[in-house]
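Some notes on the structure that comes next.
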There are 2 protein chains.
Amino acid sequence: MLNNSQYIEKLRSSGLRPTKQRIKICEILFNSEKTFHFTINELVKRISKSTNDKISLATVYNTVHAFKNKGYLKEIPINSDQSYFDTNTSHHHHFYDETQKDLIDIDDADVEPVKINTRIPGKKIKSVEVLVKVEDDKS
Amino acid sequence: MLNNSQYIEKLRSSGLRPTKQRIKICEILFNSEKTFHFTINELVKRISKSTNDKISLATVYNTVHAFKNKGYLKEIPINSDQSYFDTNTSHHHHFYDETQKDLIDIDDADVEPVKINTRIPGKKIKSVEVLVKVEDDKS
DNA sequence: TTCTACATTATAATAGTTCTAAACTGTTGA
DNA sequence: TCAACAGTTTAGAACTATTATAATGTAGAA
């Protein structure tokens, strides 16, 4: 939970100009107690609910990508018609409920560390992501 | 490595009419010694190389989805501008080389079983997929 | 204040995928 | 065998998420 001046500092310190659009998006994404998942489309809806100053779609895309590049957001690898982002940038994994089309965090403590006993020469591991797909248990 | 009459049987037994388009796509996907990854776009190219009878793009999409639904193909969860499919439907995971935009199988023996110590009530686990993103090691 | 580089914006463009509806074809059963 | 039907293919249009464009606006430095 940060106030605007802290967002301004955060943006400035990472080389992003603290425009009012970016500050507004910071408020929406980072003011919550809880981290959450969203699509661009959902973010646009939240923005239009919380302000009268419309932010253009292009700016939302630009900002989300900028925040992702700075490490303030993570993109969640999932086959979907749209990209999912996560405000929780700490190491953790996800359930994907295929019935509800819903993403759920898996607490990192609930996943044993994934051991990959092979490497690709000349490449270093950037991330290890586990996606657990679930569906309604009708048994 | 199956011959056409075996593909016909395979298709029929899973409730898919063995049309010449589907048989041709079976040949391309399942005649290889090795399993492989592909995008729709790449599959279309392979088809046009191996036959003079053009298969329409819609049919390629339809067929790939039908095969996926029947469990003959797996879709690989990855953020990309296009969907990746895998002819290897056995349990295994992937490296994704972000520099080369290239998918590489991880032999299942090289990954310790992923233990998820939590469940979602009323849901059953359908799959557990690990994606290891790698990049050039410039260190 | 003025300048400049960076941001925002509306809109067009792009690309992957899905939809449509007409033509075609494998299969069934008389 | 062959008619009839349901499933399949097809070209092209439509759709949707995302990116590019280029003009306008603005934050920050001098």
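Labels below follow one simple rule: chain letters A, B, ... track the order of the sequence lines, proteins then strands, and each chain is numbered from 1. Reckoned from all heavy atoms, side chains included, excluding hydrogens, waters and symmetry mates.
Between A:Glu27 and A:Lys24 a salt bridge is recorded (basic side-chain N to carboxylate O distance below 4.0 Å). We find that B:Asp53 and B:Lys20 are not joined by a salt bridge, their nearest charged nitrogen and carboxylate oxygen being 4.0 Å or further apart.
Residues B:Lys10 and B:Phe30 are in side-chain contact: their nearest non-hydrogen atoms beyond the backbone lie under 4.5 Å apart.
Separating the NZ atom of B:Lys24 from the P atom of C:dT25 is a distance of 18 Å, rounded to the nearest angstrom. Between A:Leu11 atom CG and C:dA7 atom C1' the separation is 12 Å, expressed in whole Å. The interatomic distance linking B:Lys20 (NZ) with C:dC24 (P) rounds to 12 Å, in whole Å. In this structure, the CD atom of A:Gln82 is 18 Å from the P atom of C:dG16, given to the nearest Å.
With sequence neighbours excluded, the residues forming a side-chain contact (heavy atoms from CB on, under 4.5 Å) with A:Ser5 are A:Asn3, listed by chain and number. With sequence neighbours excluded, the residues forming a side-chain contact (heavy atoms from CB on, under 4.5 Å) with A:Pro18 are A:Ile8, A:Leu11, A:Arg12, A:Ile23, listed by chain and number. For B:Glu98, the side chain to side chain donor-acceptor pair (under 3.5 Å) test picks out A:Lys126, with sequence neighbours left out. Under the rule for a side chain to side chain donor-acceptor pair (under 3.5 Å), A:Lys74 has no partner lying at least two apart in sequence or in another chain. Taking the side-chain contact (heavy atoms from CB on, under 4.5 Å) definition, one finds that B:Val64 meets it with B:Phe38, B:Ile40, B:Leu43, B:Val60, B:Leu73, B:Phe85, sequence neighbours left out.
If you take CD on B:Glu129 and NE2 on A:His94, they are separated by 14.5 Å, rounding to the nearest 0.5 Å. Between the CD1 atom in B:Ile104 and the NE2 atom in B:His37 there is a gap of 9.0 Å [rounded to 0.5 Å]. One distance of note links CD1 of B:Ile125 with CD1 of B:Ile116; it measures 6.0 Å at 0.5 Å rounding.
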Checklist line | For DNA chain D, the dot-bracket pattern of Watson-Crick and G-U pairs whose distances stay under 3.5 Å, | for other-strand partners | finding: ||||||||||||||||||||||||||||||

Next item on the list: Applying side chain to side chain contact (heavy atoms under 4.5 Å, CB included), run through A:Thr87 and A:Ser32 and close with a yes or a no.
Entry: CA-CA 10 Å; A:Thr87 62; A:Ser32 173; over 6 Å; no

Margin query: Test side chain to side chain contact (heavy atoms under 4.5 Å, CB included) on B:Tyr96 and B:Ile76; report intermediate values, then the result.
Written below: CA-CA 10 Å; B:Tyr96 182 59; B:Ile76 302 169; over 6 Å; no

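Annotation: of the two residues near DNA chain D, A:Tyr84 and B:Lys54, the 5′-most nearest-nucleotide partner is B:Lys54. Projected onto DNA chain C by closest heavy-atom contact, A:Ile55 and B:Arg12 fall at different nucleotides, the more 5' of which corresponds to A:Ile55.
Side-chain polar atoms of B:Tyr7 and B:Asn31 form a donor-acceptor pair below 3.5 angstrom.
The stretch residues 105-114 of chain B participates, sequence neighbours left out, in no salt bridge (Lys or Arg N to Asp or Glu O under 4.0 Å) pair at all. The side-chain hydrogen bond (donor to acceptor under 3.5 Å, both in side chains) contacts involving residues 62-73 of chain B comprise B:Ser14-B:Tyr72, B:Lys68-B:Glu75, where partners must be two or more places apart or lie in separate chains.
Phosphate proximity of C:dA7 to A:Thr19: absent, as no side-chain N or O sits under 4.0 Å from OP1 or OP2.
Read 5' to 3', the first and last nucleotides of DNA chain D with an atom closer than 4.0 Å to a heavy atom of chain A are D:dA17 to D:dG28.
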Please write out each protein N/O paired with an N/O of nucleotides 2-6 of chain C under 3.5 Å, distance rounded to 0.1 Å.
| unit_1 | atom_1 | unit_2 | atom_2 | d |
| --- | --- | --- | --- | --- |
| C:dC6 | O4' | A:Arg17 | NH2 | 3.4 |
| C:dC6 | O2 | A:Arg17 | NH1 | 3.3 |

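Across all strands, B:Ser83 comes closer than 4.0 Å only to sugar-phosphate atoms, never to a base (heavy-atom distances).
Of the residues in residues 42-53 of chain A, none has a non-hydrogen atom less than 4.0 angstrom from any atom of DNA chain D. Contacts between residues 56-72 of chain B and DNA chain C, defined by a heavy-atom separation under 4.0 Å, are made by B:Leu57, B:Ala58, B:Tyr61, B:His65.
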